[in-house]
There are 2 protein chains.
Amino acid sequence: MARRTGRVTATDVAKEAGVSQTTVSYVLNDVPHQKISEQTRRKVLDAVAKLGYKPSAAARALRLGRSDLVLMFLPDVPVGGTLTALVELLGDELERHGLNLVTRRERHAPLESLWRELMPAAVMTTFDVSAEDVASMRAAGIHVVSAGMGPTVDPGVLTIPQHLIGTMQVERLAATGHTLIGYAAPGDPRLQGFLTLRLDGARAACAERGLEPPVVLEVPLDISAAAAAAEHWHSAVPAVTGVCAYNDETAFALLAGMRRVGLSAPGDLAVIGVDNDKLAPFAMPPLTTIDNNLDVVVGRAARMIVSGVTGRSLPAPPQVTPLSLVVRESA
Amino acid sequence: MARRTGRVTATDVAKEAGVSQTTVSYVLNDVPHQKISEQTRRKVLDAVAKLGYKPSAAARALRLGRSDLVLMFLPDVPVGGTLTALVELLGDELERHGLNLVTRRERHAPLESLWRELMPAAVMTTFDVSAEDVASMRAAGIHVVSAGMGPTVDPGVLTIPQHLIGTMQVERLAATGHTLIGYAAPGDPRLQGFLTLRLDGARAACAERGLEPPVVLEVPLDISAAAAAAEHWHSAVPAVTGVCAYNDETAFALLAGMRRVGLSAPGDLAVIGVDNDKLAPFAMPPLTTIDNNLDVVVGRAARMIVSGVTGRSLPAPPQVTPLSLVVRESA
DNA sequence: GAGCGTCACTGAATCGTAACAGTGAGGAGG
DNA sequence: CCTCCTCACTGTTACGATTCAGTGACGCTC
């Protein structure tokens, strides 16, 4: 018989239930315009349960021309906590809808070979992908959701408003009386894209309030360098009194550098981070930061992907800004 | 024609090269006992390049009875930095060998339905899986690599020696003159498994040196609670002077708690963490910790998986202990 | 009671690859 | 000259699901 592989197939189920394999498929997929009697449906379902039948993802993918994989392209950046958490949450959420998340870093360049090979149901990108790449994926029936950070053309785009992050940081500092603001840029050049957007947001916020544009210094993850930057800001005339850090890591480094040269936050220099890192409450002093409410973002992303793939439209996403200020002590 | 889907198939390549589809398959898979002339091989390869042919993962999976997916089951724990990095590195490494990593949290329980559905080439687990689960996967031709933490039965097992972590922490504290040692346990009950092993290692190390067993207190990620624990250790008679933290997060919380009650490290209480978190150098004071050299671990894991899947045995892993002490200032 | 329409199914083709089982050409051996 | 073997391929089937195109049986109308 067909018992060479040990796999339980739809044919086995059909035999057990005494119906055709076609019927099994109809029952399991709840095919719209097929009338199946309750009795037959029951028989099939019982057989499925009895035999422990699980449809083969490969066979289904071959037939349908697409798999249940969702391909997520990540920027080639030492992944920060936020992106990691996003991946994790998104994976869980997609799983609930029968989709499997596969992540890939943008580096081993050819996106195309990968999606042609895997035939994913959807692709999600976290950086900007060329319009032609997007077009050819769409043409191949793949749902593309772009969380790219740039000014995207895609109407169905999901964007974490990077520039708003910078804006909110400046808002906080301005609200607490700071008039000359610094910006701590990360050392890693691969973060340039995000940096530009966040910094633009900060610049705009300063301009809007009639403040000088932020004084940008690089603060790599190195205490000495961070200390030098801190002194530079502090001893400038007029002095910078509040700093927006690119993210919480940078903020931690800056705070450590400040300690090295005897400066303290927020007295000498207020510091505000981004990400609400798990360790932010335990910084010295506890770090004020911007939380990008990931559950909101993930919820939206998952909805876009799932509704795109299944064709069903899901309940509209709540219109919540996925950013919030977490005030602690550092700013 | 067959041009309904837009996909380039092996048949298209065959047509282009003027050979049979079988020959294309033989060339591309380098089938051992088939003689293919250099000339034909070239023609096929050229056609592949010209048409941009990429074999369908689904069709291949269906035919072979297994996909190129590697399924990694993660413990249902708010994933710490280490595990995250492990997943990331492993994904990159597997990718180089044409395998795709899919992660899943142990929670939506039935492992079985998932692997039956996806037919992965290999499964990697980070927790203990029942012997029968392993047996049935093996029976289905799936390579199982268990990085479970328990005393595993599996001979081909890959273990991060959790107990050694505790041992090394105690070693460091003992070497710097501490005789009564504390252990800061995490609040999350899901970490119990790892905790037990690390703690056992610490206990054993204490016993070996004739020291009292470590004084275990729970240090959740909450400053007040951490402060209370710190005071408890410090004011005990005789006083605990050095503490092994379950991980760097716990260490950060403890250090923050200590500041709250005016204690400092390492003077009042030396603190040593685990993980060498990215932020560890920026702790106050910079955190001494145990680094579990992930590249080593990942390299081993990847080798085990790849060699298991491909059948080829890869160069033997360097016998390096994947743990090292990183001395900073806190202990 | 012939015609028509639903109902509740079933038969067979199809997706793209791998690999078994040939097959004709050419050379070696007797 | 006939047989046998190797070489270098090719024809065809199978993997397991989806789905189009039927197909009897039955009820209803005129």
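Just so we're on the same page: letters track the sequence lines, and every chain starts at 1.
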*Asks:* Rounded to the nearest 0.5 Å, how far does CE of B/Met119 lie from CG of B/Leu114?
*Replies:* 12.5 Å
*Asks:* Starting at atom CD1 of B/Ile36, determine the distance to atom P of D/dT10, rounded to an integer number of angstrom.
*Replies:*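 Those two atoms, CD1 and P, are 8 Å apart.
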*Asks:* Report the distance from atom CG of A/Asn29 to atom CD of A/Gln34, rounding to the nearest 0.5 Å.
*Replies:*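 Answer rounded to 0.5 Å: 11.0 Å.
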*Asks:* Looking at B/Glu88 and A/Arg105, does any basic side-chain N land under 4.0 Å from a carboxylate oxygen?
*Replies:* yes
*Asks:* Rounded to the nearest 0.5 Å, what separation is found between the CG atom of A/Leu45 and the NZ atom of A/Lys50?
*Replies:* 14.5 Å
*Asks:* Taking only residues at least two apart or on different chains, which pairs with a member in residues 28-41 of chain A satisfy salt bridge (Lys or Arg N to Asp or Glu O under 4.0 Å)?
*Replies:*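 Salt bridge (Lys or Arg N to Asp or Glu O under 4.0 Å) check on residues 28-41 of chain A returns A/Asp30-A/Arg41, A/Glu38-A/Arg41, A/Glu38-A/Arg42.
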*Asks:* When you check the phosphate oxygens OP1 and OP2 of C/dT10, does a side-chain N or O of A/Ser20 lie under 4.0 Å from one of them?
*Replies:* yes
*Asks:* Taking only residues two or more places apart in sequence, or in another chain, which ones meet A/Glu132 in a salt bridge (charged side-chain N to carboxylate O under 4.0 Å, His left out)?
*Replies:* none
*Asks:* Out of C/dT10, C/dG16, D/dC9, which nucleotide sits closest to the side chain of A/Leu62?
*Replies:* C/dG16
*Asks:* Examine D/dG16: is either OP1 or OP2 under 4.0 Å from a nitrogen or oxygen in the side chain of A/Thr9? Give yes or no.
*Replies:*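 For D/dG16, OP1/OP2 do not have a side-chain N/O of A/Thr9 under 4.0 Å.
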*Asks:* Tell me which residues in residues 37-49 of chain B lie within less than 4.0 Å of DNA chain C, going by non-hydrogen atoms.
*Replies:*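 Listed by number, there are none.
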*Asks:* Minimum heavy-atom separation for B/Ser67 to B/Ala121, with atom names?
*Replies:* O-CB, 3.3 Å
*Asks:* Checking side chain to side chain contact (heavy atoms under 4.5 Å, CB included) for the pair A/Met124/A/Leu94: CA distance, chi angles, key distance, verdict?
*Replies:* CA-CA 12 Å; A/Met124 174 155 181; A/Leu94 291 177; over 6 Å; no
*Asks:* Roughly how far apart are B/Leu51 CG and B/Lys15 NZ, rounded to 0.5 Å?
*Replies:* 11.0 Å
*Asks:* Give A/Val19 one of three labels, base, sugar-phosphate or nothing, depending on what nucleic acid heavy atoms sit under 4.0 Å from its own.
*Replies:*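 Since only primed, P, OP1 and OP2 atoms lie under 4.0 Å of A/Val19, the category is sugar-phosphate.
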*Asks:* Rounded to the nearest 0.5 Å, what's the gap from CD1 on A/Ile142 to CG on A/Leu118? Could you check?
*Replies:* 9.0 Å
*Asks:* What is the separation between atom NZ on A/Lys35 and atom P on C/dG5, rounded to the nearest whole Å?
*Replies:* 17 Å
*Asks:* Indicate, with a heavy-atom threshold strictly under 4.0 Å, whether B/Thr23 touches base, sugar-phosphate, or nothing.
*Replies:*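 Base, at least one base atom sits under 4.0 Å.
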*Asks:* Distances for protein N/O vs nucleotides 18-28 of chain C N/O pairs under 3.5 angstrom?
*Replies:*
| residue | atom | partner | partner atom | Å |
| --- | --- | --- | --- | --- |
| C/dA18 | OP1 | B/Asn29 | ND2 | 3.4 |
| C/dA18 | OP1 | B/Arg60 | NE | 3.2 |
| C/dA18 | OP1 | B/Arg60 | NH2 | 3.1 |
| C/dA18 | OP2 | B/Ser25 | OG | 3.3 |
| C/dA18 | OP2 | B/Asn29 | ND2 | 3.2 |
| C/dA18 | N6 | B/Gln21 | OE1 | 3.4 |
| C/dA18 | N3 | B/Arg63 | NH1 | 2.2 |
| C/dA19 | N6 | B/Thr22 | OG1 | 2.7 |
| C/dC20 | N4 | B/Tyr26 | OH | 2.7 |

*Asks:* Ignoring hydrogens and geometry, is there a side-chain-to-backbone donor-acceptor pair from B/Arg66 to B/Val309 under 3.5 Å?
*Replies:*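 Side chain of B/Arg66 to backbone of B/Val309: a pair is present.
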*Asks:* For residues 114-122 of chain B, which residues have at least one heavy atom under 4.0 Å from DNA chain D?
*Replies:*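 Going residue by residue through residues 114-122 of chain B, none turns out to have a heavy atom under 4.0 Å of DNA chain D.
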*Asks:* The helix from C/dG1-D/dC30 to C/dG30-D/dC1: angle between its terminal axes, five pairs each, to 10°?
*Replies:*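 So the angle between the two local helix axes works out to 60°.
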*Asks:* Side chain to side chain contact (heavy atoms under 4.5 Å, CB included) for A/Glu93 and A/Ile305? Distances and angles first, verdict last.
*Replies:* CA-CA 10 Å; A/Glu93 187 59 31; A/Ile305 293 172; over 6 Å; no
*Asks:* Output, in order, the C-alpha distance, side-chain angles, deciding distance and verdict of side chain to side chain contact (heavy atoms under 4.5 Å, CB included) for A/Val70 and A/His143.
*Replies:* CA-CA 9 Å; A/Val70 173; A/His143 234 86; over 6 Å; no
*Asks:* Round to a whole Å and report the spacing from CZ of B/Arg66 to P of D/dG16.
*Replies:*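 In whole Å, D/dG16 P lies 15 Å from B/Arg66 CZ.
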